[in-house]
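Being a predicted model, the structure only gives us computed values, none of them experimental.
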Amino acid sequence: MPHRFVLIAAAAALTGTVALAQSELIDGQVTKIDESAGKITIKHGPLKKFDMDEGMTMVFRAADPAMLKAVKAGDKVKFVPERVNGQFTVTRIEKAK
């Protein structure tokens with residue numbers, strides 16, 4: 001039985017890694033940053049994982065306030081949006097190349 005637990009734990013760990021690797025980077029452009037509120041406004045294309053089939057401009061909470069210092073209004077970016085505690089949140093962002 002102990003081996004069975006190890007296999008289940010290994011499968012769970014691998015599944016988590018695969019899920020993280022599949023986080024889709026979305027193309028967008030930063031239109032506004034509000035560091036005091038911890039928010040960033042991004043114009044982006046469709047967000048299929050949230051059933052949003054049209055591009056739009058949205059305000060997101062930043063998962064890490066340091067993200068807001070890494071980009072500025074006008075920057076083209078790639079980002080990962082998630083729903084955290086019911087709020088749209090950017091969990092990863094990088095300048096587009």
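- Of the candidates K78, K97, K76, K78 is the only one forming a salt bridge (Lys or Arg N to Asp or Glu O under 4.0 Å) with D27.
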Mind running side chain to side chain contact (heavy atoms under 4.5 Å, CB included) on V77 and E94 for me, showing each step along the way?
CA-CA 6 Å; V77 296; E94 59 189 51; over 6 Å; no
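- I33 CD1 to K69 NZ: the interatomic distance, rounded to the nearest 0.5 Å, is 10.0 Å.
- Residues V84 and F50 are members of separate hydrophobic clusters, defined by side-chain heavy-atom contacts under 4.5 angstrom among Ile, Leu, Val, Met, Phe, Trp and Tyr.
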Which atom pairs, donor and acceptor, lie under 3.5 Å between side-chain atoms of residues 57-65 and protein residues at least two apart or in another chain?
from: R61; atom 1: NE; to: Q87; atom 2: OE1; distance (Å): 2.5
from: R61; atom 1: NH1; to: A37; atom 2: O; distance (Å): 3.4
from: D64; atom 1: OD1; to: A66; atom 2: N; distance (Å): 3.0

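- Note that NZ of K95 and NZ of K72 are 4.5 Å apart. Values are rounded to the nearest 0.5 Å.
- Between F79 and M67, every side-chain heavy-atom pair lies at or beyond the 4.5 Å cut-off.
- Put simply, CZ on F88 and CG on L47 are 7.5 Å apart, with the number rounded to the nearest 0.5 Å.
- Under the 4.5 Å side-chain criterion, counting only non-hydrogen atoms from C-beta, I26 is not in contact with I42.
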Please evaluate residues K32 and K39 with respect to the criterion side chain to side chain contact (heavy atoms under 4.5 Å, CB included), reporting the C-alpha separation (whole Å), side-chain torsions for both, the decisive distance (0.1 Å), and the verdict.
CA-CA 9 Å; K32 182 180 175 184; K39 295 183 179 179; over 6 Å; no
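- Under the 3.5 Å distance criterion, the side-chain polar atoms of Q29 are matched with a main-chain donor or acceptor of G74.
- Looking at heavy atoms from C-beta onward, V80 lies in side-chain contact with L25 at the 4.5 angstrom threshold.
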